[in-house]
Amino acid sequence: MSSKKLIYTASIAALAFGVSQTALAQSTATSPSTSSSKPTATQSIPAANLARGDRKFIEEAAQGGMAEVQLGQLAQQKASNDQVKQFGKKMADDHQKANDEIKKIASNKGINLPTDLSSGDRREYDKLQKKSGADFDREYMKEMVSDHKKDVKDFQSEGKSAKDADIKNFASSTLPTLQQHLDLAQQTENTIKSGGSAQKTSSAR
């Protein structure tokens with residue numbers, strides 16, 4: 001009786017071991033496919049499918065933002081009007097924040113951003129660098145009004161027509177700041193044209 005019971009127990013144990021081994025083999029056979037499918041789903045597809053217009057917008061926004069920061073820093077150094085100096089500081093600060101956002105988007109989308117100013121922005125910078133005092137103030141504010149009119153138009157268009165959701169959201173969320181910049185640029189330019197001085201603008205606060 002005891003030997004039969006022992007044989008019966010051993011056979012049950014062997015059967016259970018076989019079932020567990022089969023289950024283990026099935027789980028290990030399926031695990032490589034599930035783990036290897038995750039990385040490709042989250043990285044390369046957005047960059048590969050990025051529309052040409054969206055890529056161009058981000059590249060040009062990066063260059064334009066870079067120019068605004070450098071011109072804003074130049075205004076803080078060379079402007080004679082305190083209001084122009086403050087405007088330049090705001091441009092440098094605000095556009096640097098926008099540039100940081102652009103870099104994050106570009107990194108996620110696999111976009112290589114320009115590292116230097118466009119030829120047009122370089123000419124504008126060199127021209128302003130040669131000016132000083134009231135001449136600088138007038139020319140800088142004239143350029144800022146012109147530049148921001150173009151920026152507002154470009155960001156409005158991209159906010160409506162962008163194919164990529166992240167780029168569309170960036171354009172739409174940045175637009176109000178650019179519109180504020182345009183309004184402030186026009187107000188400051190009018191102050192310069194009306195003969196507002198550094199003393200007048202600083203004491204008006």
Open item on the list: With no hydrogens and no angle check, just 3.5 Å: does a side-chain donor-acceptor pair link Asn169 and Ser172?
Closed with: no
- [ ] State plainly whether the residues Arg55 and Asp164 are in salt-bridge range, i.e. N to O under 4.0 Å.
- [x] no
Task: Heavy-atom closest contact (Gly159 atom, Ala171 atom, distance) - done: N-CB, 3.7 Å
TODO: Return the minimal non-hydrogen interatomic distance between Leu113 and Ala62, and the atom names on each side.
DONE: CD2-CB, 3.9 Å
Open item on the list: Looking at Gln63 and Asp116, would you say the former's side chain and the latter's main chain have a donor-acceptor pair under 3.5 Å?
Closed with: yes
TODO: Identify the two heavy atoms, one from Gly88 and one from Tyr140, that lie closest to each other, and give their separation to 0.1 Å.
DONE: CA-OH, 3.5 Å
Open item on the list: In this structure, would Val69 and Met66 fall into the same cluster of hydrophobic residues linked by side-chain contacts under 4.5 Å?
Closed with: no
Open item on the list: Salt bridge or not between Lys104 and Asp100? Use side-chain N to carboxylate O under 4.0 Å.
Closed with: no
Open item on the list: Check this for me, if you would: do Lys131 and Asp135 make a salt bridge, where the nitrogen-to-carboxylate-oxygen distance has to be below 4.0 angstrom?
Closed with: no
Task: Residues in side-chain contact (heavy atoms from CB on, under 4.5 Å) contact with Asp137, at least two apart in sequence or another chain - done: Ala79, Ser80, Asn81, Val84, Ile192
Task: Within-4.5 Å side-chain heavy-atom neighbours: Phe155 and Glu158 - done: no
Open item on the list: Within this structure, what is the NE2-CG distance for the pair His181 and Leu175, rounded to the nearest 0.5 Å?
Closed with: 11.5 Å
TODO: Give a yes or no answer on whether the side chain of His95 reaches the backbone of Met91 with a donor-acceptor pair at less than 3.5 Å.
DONE: no
Open item on the list: Given 3.5 Å as the limit, does a donor-acceptor pair link the side chain of Asp54 with the main chain of Leu50, or not?
Closed with: no
Open item on the list: Using side-chain heavy atoms (C-beta onward) and a distance below 4.5 Å, is Leu184 in contact with Met144?
Closed with: no
Open item on the list: If you compare all heavy atoms of Lys163 against all heavy atoms of Ala51, which two are closest, and at what distance to 0.1 Å?
Closed with: CG-CB, 3.8 Å
TODO: May I ask you to say whether Lys142 pairs ionically with Glu189, meaning some side-chain N is under 4.0 Å from a carboxylate O?
DONE: no
Task: Single-linkage hydrophobic cluster, 4.5 Å side-chain cutoff, Val145 and Leu178 together - done: yes
- [ ] Keeping the roles fixed (side chain from Lys78, backbone from Ser132), state whether a donor-acceptor pair exists under 3.5 Å.
- [x] no
- [ ] Working to the nearest 0.5 Å, report the span between NZ of Lys127 and CZ of Phe136.
- [x] 11.5 Å
TODO: Working to the nearest 0.5 Å, report the span between NZ of Lys90 and OG1 of Thr188.
DONE: 11.0 Å
Task: Ile167 side chain near Ile58 side chain, heavy-atom distance below 4.5 Å - done: yes
Task: Validation row: Gln129, Asp126 side chains within 4.5 angstrom (heavy atoms) - done: yes
TODO: Starting at CD of Glu124, measure out to CG of Asp121 and round the result to the nearest 0.5 Å.
DONE: 6.0 Å
Open item on the list: Measuring from atom NZ of Lys153 to atom CG of Asp151, what distance do you get when rounded to the nearest 0.5 angstrom?
Closed with: 12.0 Å
- [ ] Would you confirm whether Ser107, through its side chain, and Lys103, through its main-chain N or O, come within 3.5 Å as a donor-acceptor pair?
- [x] no
Open item on the list: Measuring from atom NE2 of His148 to atom CD of Glu143, what distance do you get when rounded to the nearest 0.5 angstrom?
Closed with: 12.0 Å
Task: Salt bridge present between Lys150 and Asp154 (N-O < 4.0 angstrom) - done: yes
Open item on the list: When you measure from the side chain of Lys168 to the backbone of Ser161, do you find a donor-acceptor pair of N or O atoms at a distance under 3.5 Å?
Closed with: no
